[in-house]
Structure formats: structure tokens, C-alpha cells
Amino acid sequence: MEKQQDEPQDRVSEFFERDHREIDALLADVAFDSGREAAAKFAEFDARLERHIRWEESILFPAVARNAPDLAMGPIRVMSMEHELIREGKTGALAALNACDAKRARQFVEAMERVLRDHNFKEEQFLYPACDNLLSMEERRIVLQQVRSGTA
């Protein structure tokens, strides 16, 4: 029997890395000194990043943990703790933008970006490839179908 070939759209790494790039572009598009416009653009970034985190925490991480429980206690636990730090940063930045305090918003964003850069690097270089290796093609398709449809 011939083994099915993986397609890029069936890889966790492909999907989640592309989402990282799209989210990064949203943040890069925020002009912090533009008042309400900055708050609106940052809110869009916030919503997209929160959706990404929810996909990981409610769909991807549990699927991988079923196949590799040791990842749940190590790398996945670390990623989840970092998600909390990222959430704190984006919540603080959005509150500062809504209060028209661009300087304070930038401080929150800079702190958040430091965590986020390292976090994304670890996901892209280690965790997502591990997901692609640990999950069968069918499991990856199910995970990505759930992500795309918004079901957990």
C-alpha cells in the first residue's frame, strides 16, 4: 500500500506559522499615535491573537497531549504560561490605547513582543514540527478542520 503524501495544507506548522505572520502584520499596522484608529487596529490584532491562542489551547495542544503526554507537562505547559503573559501585555496595551496613552501602550507592546518573539520561535522551530510528527495525517486534518470551523 502506498503511503499518502503530506500536503502543506495538512501540516500544523504551515497553518499556524502563516497565522503568526498575519497576526504580526496586524500589529505592524498599528500607528500608536493615531488615537481611536490605533485602538481599533490593535483590537483587531488582539482578537486575532486571542483566536490563535484559543485554537492552540482548546484544539491543538489537547490533541498532541493525547499522543505525547510528556509534551503536556513540558513544552505545552510553558507555551500556556507564556500565553498568559502575552494576554497581560495585549490587555494592558488596549486599555492604554483606549485611554489615549500611546506611550504606555507602546511599553506594554514592547514587553509583549519580547515574550511573543521567543514564544513564536519555540512554536515554529520545535512545537509545530513536533505536532506534525506526532499526529497522524488524519489527526492533523481533524485538528485543522476543527480550527477552520471554530469548533473545539
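- Side-chain atoms of Arg11 never come within 3.5 Å of backbone atoms of Asp132 as a donor-acceptor pair (strictly under, hydrogens ignored).
- By the 4.5 Å side-chain criterion applied to Ile, Leu, Val, Met, Phe, Trp and Tyr, Phe42 is assigned to a cluster that also includes Ile23, Leu26, Leu27, Val30, Phe32, Phe45, Leu49, Ile53, Leu85, Ile86, Leu94, Leu97, Val109, Met112, Val115, Leu116.
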- Please walk me through it: do Arg106 and Asp101 pass salt bridge (charged side-chain N to carboxylate O under 4.0 Å, His left out)? CA-CA 9 Å; Arg106 276 194 218 94; Asp101 188 347; over 6 Å; no

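- In terms of heavy-atom proximity, Glu123 sits nearest to Pro129 at O-CD, 3.7 Å.
- Arg21 has a carboxylate O that lies under 4.0 Å from a charged side-chain N of Glu124, or vice versa, which qualifies the two as a salt bridge.
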Run Gln145 and Arg148 through side-chain hydrogen bond (donor to acceptor under 3.5 Å, both in side chains) and show every step you take. CA-CA 5 Å; Gln145 179 182 22; Arg148 289 178 179 121; over 6 Å; no

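- With a 4.5 Å cut-off on side-chain heavy atoms, Asp24 and Asn120 count as touching.
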*Does the pair Ile76 and Leu127 meet the rule for a side-chain contact (heavy atoms from CB on, under 4.5 Å), with working shown?*
CA-CA 8 Å; Ile76 289 174; Leu127 189 59; 4.3 Å; yes

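- When every heavy atom of Phe108 is checked against every heavy atom of Glu88, the shortest pair comes out as CD2-O, 4.4 Å.
- For the side-chain contact (heavy atoms from CB on, under 4.5 Å) test, residues two or more places apart in sequence or in another chain that qualify with Gln125 are Phe121.
- Here Arg36 pairs with nothing under the side-chain contact (heavy atoms from CB on, under 4.5 Å) rule; sequence neighbours left out.
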May I have the list of side-chain donor-acceptor pairs in residues 62-71 shorter than 3.5 Å, sequence neighbours left out?
residue: Asn67; atom: ND2; partner: Leu134; partner atom: O; Å: 3.0
residue: Asn67; atom: ND2; partner: Glu139; partner atom: OE1; Å: 3.0
residue: Asn67; atom: ND2; partner: Glu139; partner atom: OE2; Å: 3.3

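- Applying the salt bridge (Lys or Arg N to Asp or Glu O under 4.0 Å) test to Glu17 and every residue at least two apart in sequence or in another chain returns nothing.
- With rounding to the nearest 0.5 angstrom, the SG atom of Cys131 is 13.0 Å from the CZ atom of Phe15.
- Not counting sequence neighbours, the partners of Asp29 by the side-chain contact (heavy atoms from CB on, under 4.5 Å) test are Lys41.
- Between Val147 and Leu60 there is no side-chain heavy-atom pair separated by less than 4.5 Å.
- Atom CD of Glu57 is separated from atom NE2 of His52 by 10.0 Å, given to the nearest 0.5 angstrom.
- Using a 4.0 Å cut-off between charged side-chain N and carboxylate O, Asp118 and Lys122 make a salt bridge.
- Aromatic pair Tyr128/His20: ring centres closer than 6.0 Å.
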Could you walk me through whether Arg48 and Asp19 pass side-chain contact (heavy atoms from CB on, under 4.5 Å), step by step?
CA-CA 9 Å; Arg48 282 289 304 276; Asp19 201 49; 2.6 Å; yes

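- Of all heavy-atom pairs between Ala105 and Ala96, the closest is N-CB, 3.5 Å.
- Other residues, nucleotides and ligands contribute over 12 non-hydrogen atoms within 6.0 Å of the CZ atom of Arg51.
- No salt bridge links Glu84 with Lys90; every basic N to acidic carboxylate O contact stays at or beyond 4.0 Å.
- Once rounded to the nearest 0.5 Å, the distance linking CD1 of Ile59 with CD1 of Ile142 reads 12.0 Å.
- Checked against the 6.0 Å centroid criterion, the rings of Trp55 and Phe61 do not qualify as a close aromatic pair.
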